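What follows is a short report on a single structure.
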Amino acid sequence: MTGIGRRELLRFGGAAILGGPALLTDRAEAAPRPPGPGREPVPMVKPVPAEVGMPDIDLPAAAPSGGYIDLSGPATSLFQKKRLTHGSVLQSFAFDEDNGYVYALQVVQGGVRLKGETRTYTHSQRVARGDLTLNRLTMSGRLKDRMFLKGFGHGGSLGVQERPGRAPLLWTEWDVNPTSGYGRGIACFTYAPNRVLRAGDRSLATFRPQPGTTKNQPAIDTVTGRLLLRYRRRGVYRYALYDLDDFGPRGAKPEPLTDVAQPPLRKGVFYQGLALSGDYAYQLTGSPYGRGNPASGLGNARLASIDLRTGTVLQEVRTTAGRNLSPREPEGLAVLRRGGDRLVAGFTSGKVNRRRFSLYAHGN
């Protein structure tokens, strides 16, 4: 393999040659009356028996190699109805399996005053400002601690770049567009409990791989050393795949391995999460139970796999995981390697400003 780089590998089925798989709604909520930061972690919720839902398969999938996760099997519960620091909804999450943590993003709840602030803000103001709470939990869903990201974005995706023997790098959207609340670039940093990290902090490694775009959302596949970027340019959404090695010095401008259009969404649903495994992107879409999406119809949450070499949708399934949650809204997507590669979807439930979240694994 001497002299063959990752770009060449991609053309020949990248992850397989490398040795195996690699790893939103835009609505604001009312101002809450929640606990502020610094409170003790919430007590654990009593475990609930695993829930199994058989998806409706729309497109039968082949069985490609190189990180592909078949979505046609049942979903199993990892944990249910867990709490984050604030009562606002889960936006995204990612696993740090080397160190045994789950990281989860949410918009800072209204009425909370962070360190260094002279006033509080409503939840809607926090959305526009791009202020996020980054929660760290155990693998069983127990809240351990948190930090805060000011001016970053909506929190629609989160990536963990594991580094053996060193703290992982966390990748998020960055540089909020105040007209939309979404990031115009991406950044990476290490986790520090209770820190308030600002978008202009000089310690941040920041990048604009697609200058002039918005809604930049990253996902990481540590096994293959790749980064997937979802972005919007002139109203069109696309996926671009990169080598993490190309995100070197501050301001580096990496060239994509491939760049394909995001498949169009079904009418009336929201884009809710993305994940990367080998040469394949995964996306979660759907909306909460309600008019046009009744609980009696088992919901419209769907998972799809996309071949990043061609932009082809390989498989799309409707997942009924968490079908008894109320109001049940899909939020966040990540790959879990432990116990065999699985795609994990998040769902929120509970009353406004008192949201809980549950995670369900699909595949293998």
Side-chain angles (χ1 to χ4, degrees), residues 24-32 86 88-94 104-110 112 114 117 120-134 148-159 170-189 197-201 204 206-219 227-240 259 261-275 281 283-288 329-333 346 348 352 355:
L24 311 148
T25 62
D26 304 342
R27 300 181 299 284
E29 300 195 31
H86 297 151
S88 52
V89 300
L90 168 77
Q91 295 292 340
S92 62
F93 63 94
L105 284 171
Q106 61 182 156
V107 176
V108 174
Q109 191 162 306
V112 172
L114 302 181
E117 294 181 337
T120 63
Y121 298 89
T122 67
H123 185 79
S124 295
Q125 288 172 323
R126 291 293 190 186
V127 170
R129 292 166 59 89
D131 294 344
L132 301 171
T133 303
L134 175 58
F148 304 94
L149 312 176
K150 293 187 64 176
F152 278 65
H154 195 67
S157 70
L158 178 64
L170 305 183
W171 290 80
T172 67
E173 64 186 287
W174 162 80
D175 184 28
V176 66
N177 181 342
T179 62
S180 68
Y182 287 84
R184 293 172 284 196
I186 57 176
C188 65
F189 55 91
L197 182 61
R198 292 167 174 80
D201 194 296
L204 272 174
T206 60
F207 305 93
R208 299 184 191 275
Q210 294 289 337
T213 66
T214 188
K215 292 200 174 181
N216 282 224
Q217 298 174 338
L227 180 148
L228 175 65
L229 178 73
R230 178 183 184 248
Y231 67 94
R232 186 179 73 176
R233 188 191 303 277
R234 292 188 290 273
V236 177
Y237 290 91
R238 300 187 66 85
Y239 287 125
D259 190 312
Q262 175 191 301
L265 301 185
R266 293 170 181 266
K267 184 178 180 180
V269 302
F270 300 96
Y271 190 95
Q272 303 285 23
L274 74 158
Q283 65 184 34
L284 173 67
T285 60
S287 52
E329 181 172 13
E331 294 280 2
L333 195 64
T348 63
V352 172
R355 301 296 193 190

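Start at 1 with the first residue, then count along the sequence. Predicted, not measured: the structure shown is a model, and the values here were computed from it.
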Sequence-distant partners of [X], side-chain hydrogen bond (donor to acceptor under 3.5 Å, both in side chains), two or more places apart:
X: Arg198; result: none
X: Gln106; result: Ser88, Asn135
X: Thr213; result: Asn216
X: Thr348; result: none

For the residue pair [X] and [Y], what are the closest heavy atoms and their distance?
X: Gly346; Y: Leu90; value: CA-CD2, 4.5 Å
X: Leu204; Y: Ala187; value: CD2-CB, 4.0 Å
X: Pro209; Y: Leu229; value: CG-CD2, 3.6 Å
X: Gly155; Y: Ser92; value: O-OG, 2.7 Å
X: Gly332; Y: Leu284; value: O-CD2, 3.3 Å
X: Pro330; Y: Thr285; value: CG-O, 4.0 Å

**OP:** Would you please name every residue forming a salt bridge (Lys or Arg N to Asp or Glu O under 4.0 Å) with Arg238, sequence neighbours left out?
**Re:**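 Residues passing salt bridge (Lys or Arg N to Asp or Glu O under 4.0 Å) with Arg238: Asp259.
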Which residues pass the side-chain contact (heavy atoms from CB on, under 4.5 Å) test with [X], sequence neighbours left out?
X: Ala219; value: Leu228, Leu274, Leu276
X: Asp175; value: Arg184, Arg208
X: Ala199; value: Phe152, Trp174
X: Val107; value: Gln91, His123, Arg126, Val127, Leu132, His154

What's the separation between atom [atom1] in [X] and atom [atom2] in [Y], rounded to the nearest 0.5 Å?
X: Thr214; Y: Asn177; atom1: OG1; atom2: CG; answer: 4.5 Å
X: Arg230; Y: Gln210; atom1: CZ; atom2: CD; answer: 13.5 Å
X: Cys188; Y: Phe207; atom1: SG; atom2: CZ; answer: 5.0 Å
X: Thr172; Y: Leu134; atom1: OG1; atom2: CG; answer: 8.5 Å
X: Glu329; Y: Ser287; atom1: CD; atom2: OG; answer: 7.5 Å
X: Lys150; Y: Asp201; atom1: NZ; atom2: CG; answer: 12.0 Å

Original post:
So, Thr122 side chain and Gly110 main chain: donor-acceptor pair closer than 3.5 Å or not?
Top reply: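 No; judged by distance alone, with no hydrogens or angles, the pair does not exist.
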**OP:** Look at the side chain of Arg266 and the backbone N and O of Gly286, then say whether any donor-acceptor pair between them is shorter than 3.5 Å.
**Re:**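 Looks like no, no N/O pair under 3.5 Å.
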Original post:
Under the side chain to side chain contact (heavy atoms under 4.5 Å, CB included) criterion, do Tyr237 and Leu265 qualify, and how do the steps go?
Top reply: CA-CA 11 Å; Tyr237 290 91; Leu265 301 185; over 6 Å; no
Subject >> Worked check of side chain to side chain contact (heavy atoms under 4.5 Å, CB included) between Thr133 and Val112 >> reply: CA-CA 11 Å; Thr133 303; Val112 172; over 6 Å; no
Original post:
If we only count heavy atoms from C-beta on, is the His86 to Val108 side-chain gap below 4.5 Å?
Top reply: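 Yes - at least one pair of side-chain heavy atoms lies under 4.5 Å apart.
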Original post:
Heavy-atom distance under 4.5 Å between the side chains of Gln217 and Tyr271, does that happen here?
Top reply: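 Yes, their side chains come closer than 4.5 Å.
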**OP:** Output all residues satisfying ring-ring contact (aromatic ring centres under 6.0 Å, His included) with Phe93, sequence neighbours left out; order by chain, then residue number.
**Re:**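 For Phe93 the ring-ring contact (aromatic ring centres under 6.0 Å, His included) partners, ignoring immediate neighbours, are Phe95.
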Original post:
With a 3.5 Å cut-off and no angle check, do the side chains of Tyr239 and Gln283 form a donor-acceptor pair?
Top reply: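 Yes, Gln283 and Tyr239 have a side-chain donor paired with an acceptor closer than 3.5 Å.
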